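Computed from a predicted model, the values in this text were never measured in an experiment. So you know, we letter chains A, B, ... as the sequences are listed, proteins then strands, and number each from 1.
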2 protein chains.
Amino acid sequence: MTITQLKYVLAVAEYQNFTVASEHCFVTQPTLSMQIQKLEDQLETKIFNRNKKPIQLTEIGEKIVEQAKIIVDESNRINDIVDQQKGFIGGDFKLGIIPTIMPTLLPIFLKSFIKKYPKINLKIEELTTEEIIKKLSDGHIDVAIAATPLENESIKERVLYYEPFVGFIPSEHRLSNIKELDVENLNIDDILLLEDGHCFKENVINLCSTLGSKNQNFQLQSGSFDTLIKLSKEGLGMTLLPYLQTLDLNDNDKKYLKEFKKPAPAREVSLIYHKSHLKIHLIDALKDSIDGLIRGVIAFNNVKIISPLQKKGA
Amino acid sequence: MTITQLKYVLAVAEYQNFTVASEHCFVTQPTLSMQIQKLEDQLETKIFNRNKKPIQLTEIGEKIVEQAKIIVDESNRINDIVDQQKGFIGGDFKLGIIPTIMPTLLPIFLKSFIKKYPKINLKIEELTTEEIIKKLSDGHIDVAIAATPLENESIKERVLYYEPFVGFIPSEHRLSNIKELDVENLNIDDILLLEDGHCFKENVINLCSTLGSKNQNFQLQSGSFDTLIKLSKEGLGMTLLPYLQTLDLNDNDKKYLKEFKKPAPAREVSLIYHKSHLKIHLIDALKDSIDGLIRGVIAFNNVKIISPLQKKGA
DNA sequence: ATAAAGATATTGAAACTATCGATAACAGTT
DNA sequence: AACTGTTATCGATAGTTTCAATATCTTTAT
């Protein structure tokens with residue numbers, strides 16, 4: 001039994017197709033087929049049921065894949081251990097970031113990070129929280145930045161900062177004259193929200209205690225705060241922005257911003273990674289980098305954390 | 001990197017000698033040398049410091065060995081998983097037993113066990129508790145039977161039975177006329193003990209609350225209860241036997257036996273195995289086998305457990 | 001110093017294995 | 001029946017592992 005064979009098994013289990021799996025393993029399909037057959041021979045059991053389309057794991061196969069994941073993970077970690085022991089900070093490092101954090105946070109730390117760690121080959125992907133959780137557990141990304149807490153057992157979280165919500169309230173809006181926003185004033189029905197899939201939308205919904213059923217005479221599907229701001233200025237309602245987003249506004253738009261009364265509602269933004277601690281030293285480096293820079297931009301104190309999780313039931 | 005290479009590394013780390021390690025891996029020394037060099041090349045680090053005699057692990061090597069153990073263990077477990085899933089109970093199964101349990105317990109279950117599980121290739125070794133702990137953690141044995149609790153984090157215990165102590169008191173002894181033994185009556189100075197290394201000796205010492213300093217005018221080094229019994233009958237003192245041992249005595253000797261007042265002091269006898277749960281289904285089978293038979297021989301109730309651990313300090 | 005002993009490293013030939021490209025076999029669809 | 005998408009099989013080849021013999025190195029004794 002070799003680690004290579006186990007990797008092949010994992011690839012087939014993942015892509016449910018020998019040919020596709022072989023491409024991802026950078027070998028030809030016969031090579032992969034043969035190796036899997038050899039492993040099956042040696043274990044004297046079938047791992048895959050090739051009769052079903054798409055291909056399926058046998059009952060024993062399920063268990064073998066589970067165990068193979070452990071072995072492959074643990075063997076990947078050997079390189080990490082050597083690197084860490086040598087004090088070497090480098091190698092491939094795949095980072096996922098949710099869309100509502102990506103454009104504002106990335107400019108703050110990216111340049112400094114790649115300069116400080118030139119040997120890290122950083123690959124950044126914009127992903128939803130849901131995609132992140134999946135890709136973290138199958139090892140397609142090493143770490144991610146998302147709104148927390150996620151309450152997921154297999155994922156570790158390390159808080160980077162708390163980002164307050166800021167109101168964007170057009171001039172004719174009923175709240176435009178008050179001095180400070182209060183959660184009590186909010187009405188979910190006149191707040192413009194991002195499209196489904198963004199956890200920031202869930203944050204806002206959780207913030208508004210009234211579970212009012214979004215009773216608007218229009219449906220909005222936008223993935224960008226820019227659109228929300230434009231629509232808001234057209235008089236279609238107020239909206240809420242994450243603090244970092246407000247720093248990019250032009251001076252005119254900034255006039256419409258209204259802060260919350262302390263403690264301001266905020267989302268928790270964290271580095272999250274798989275509990276197996278793969279590449280933990282790179283994660284440490286990333287956290288240090290962001291920590292050092294974010295302090296100059298955002299205050300940490302006197303906030304009230306709003307969960308990004310979808311409320312169940314209701 | 002292959003699992004074979006990791007096994008070679010573990011062997012060299014264990015035997016601190018390439019030649020000896022190679023024999024245990026059933027390859028020649030050059031083969032093993034080359035594979036380890038290849039691994040070192042690939043990891044770009046030295047695992048062993050070949051300058052020192054005997055050979056030593058480098059700092060990074062220590063970590064690599066630790067991780068390699070995990071990987072090799074987890075990969076060994078794949079076969080177990082397949083076997084278990086198939087319901088196959090068989091394969092090599094190495095069992096260690098401490099000397100004071102071996103001769104009395106083995107005859108009770110061995111015949112029935114090997115008959116019930118003909119495909120298990122059982123290898124039994126007589127070992128001290130200390131040796132057992134070492135061999136469990138390096139995988140030289142799969143399971144063992146010893147007096148517990150051991151309070152060792154990496155070892156799991158599953159109690160088989162509680163074996164009461166029974167006094168063997170010769171006719172001229174000061175206690176020969178009392179009806180039931182009481183711990184209070186014991187005096188460590190007139191109890192004949194096994195030689196050092198037997199945890200039964202520690203059991204007895206822990207039983208005698210008086211920490212009197214074995215103030216005898218002779219030193220005894222015997223590993224067998226037979227010797228103790230003979231010496232006892234010569235008038236050199238009483239002794240204590242584990243219950244199962246008393247069943248083998250001839251009718252004449254049985255007259256000298258004296259039970260303890262309930263709750264009788266007893267030693268806890270358990271199956272112990274490494275927490276990694278390798279071969280757990282074989283361990284289950286063994287436990288079932290012993291459980292079923294021991295109930296007919298020994299009572300479980302109304303005993304007071306005496307620890308086999310050496311008391312620290314004085 | 002030098003020899004001897006005990007260890008690991010190197011070498012070259014032989015055995016073995018993984019890989020590839022080509023192609024066969026098979027199942028499901030049209 | 002032909003087509004498509006898939007996995008299995010085959011033969012050649014390149015690469016790897018292994019072994020036996022031997023070189024080299026280190027330590028210890030003389």
Exercise. OP1, OP2 of dT7(D) versus side-chain N and O of T19(A): anything below 4.0 Å?
Worked result: yes
For this session: Please state how far atom CZ in R50(A) lies from atom C1' in dA8(D), giving the value in whole angstrom units.
Result: 9 Å
For this session: Would you indicate which nucleotide in dA8(D), dT8(C), dC19(D) comes nearest to any side-chain atom of F18(B)?
Result: dT8(C)
Exercise. So does K156(A) have more than 12 non-hydrogen atoms from other groups sitting under 6.0 Å from NZ?
Worked result: no
Seminar exercise, completed: Separation of dA7(C) atom P from I36(B) atom CD1, nearest Å, is 16 Å
For this session: Return the nearest nucleotide to the side chain of T31(B); candidates are dA8(D), dT18(D), dA18(C).
Result: dT18(D)
Exercise. Tell me, which pairs form a salt bridge (Lys or Arg N to Asp or Glu O under 4.0 Å) where one or both residues lie in residues 129-141 of chain B, sequence neighbours left out?
Worked result: E125(B)-K135(B), K134(B)-D138(B)
Exercise. What integer distance in Å separates E23(A):CD from dG5(D):P?
Worked result: 13 Å
Exercise. Passes salt bridge (Lys or Arg N to Asp or Glu O under 4.0 Å), R50(A) versus E40(A)? Steps please.
Worked result: CA-CA 13 Å; R50(A) 295 152 170 84; E40(A) 286 180 331; 3.1 Å; yes
Exercise. Touch check for Y8(B), heavy atoms < 4.0 angstrom, all strands: base, sugar-phosphate only, or nothing?
Worked result: sugar-phosphate
Problem set entry | Over all atoms of both residues, closest heavy-atom pair of N49(B) and T58(B) | N-CG2, 3.9 Å
Exercise. For the atom pair NZ (K279(B)) and NZ (K94(B)), what is the distance rounded to the nearest 0.5 Å?
Worked result: 7.0 Å
Exercise. How many Å lie between NZ on K46(A) and P on dT7(D), as a whole number?
Worked result: 13 Å
Exercise. What is the distance from CG of N17(B) to P of dA9(C), rounded to the nearest Å?
Worked result: 11 Å
Exercise. Quick one: which of dT8(C), dA18(C), dA8(D) gets closest to the side chain of Q35(A)?
Worked result: dA18(C)
Problem set entry | Under 4.0 angstrom between S33(A) side-chain N/O and dA8(D) OP1 or OP2 | yes
Seminar exercise, completed: Nearest heavy-atom approach of H198(A) to T100(A) is ND1-CG2, 4.0 Å
Report all interatomic pairs (protein N or O, nucleotide N or O of nucleotides 10-12 of chain D) with separations under 3.5 Å.
none

For this session: Provide, to the nearest angstrom, the distance between the CD1 atom belonging to I55(B) and the P atom belonging to dT26(D).
Result: 12 Å
Seminar exercise, completed: Heavy-atom nearest nucleotide on DNA chain C taken for N51(A) and for L32(A); more 5' hit belongs to L32(A)
Exercise. If only side-chain N and O atoms of K38(A) are considered, is one of them under 4.0 Å from the OP1 or OP2 phosphate oxygen of dT17(C)?
Worked result: no
For this session: Measure the distance from CG on L39(A) to P on dA8(D) and round it to the nearest whole Å.
Result: 14 Å
Exercise. Under 4.0 angstrom, heavy atoms only, what part of the nucleic acid is Q29(A) near: base, sugar-phosphate, or nothing?
Worked result: base
Problem set entry | d(CD, Q42(A); P, dT17(C)) in whole Å | 11 Å
Seminar exercise, completed: Between E153(A) and K275(A) the two heavy atoms that sit nearest each other are O-CD, 4.2 Å
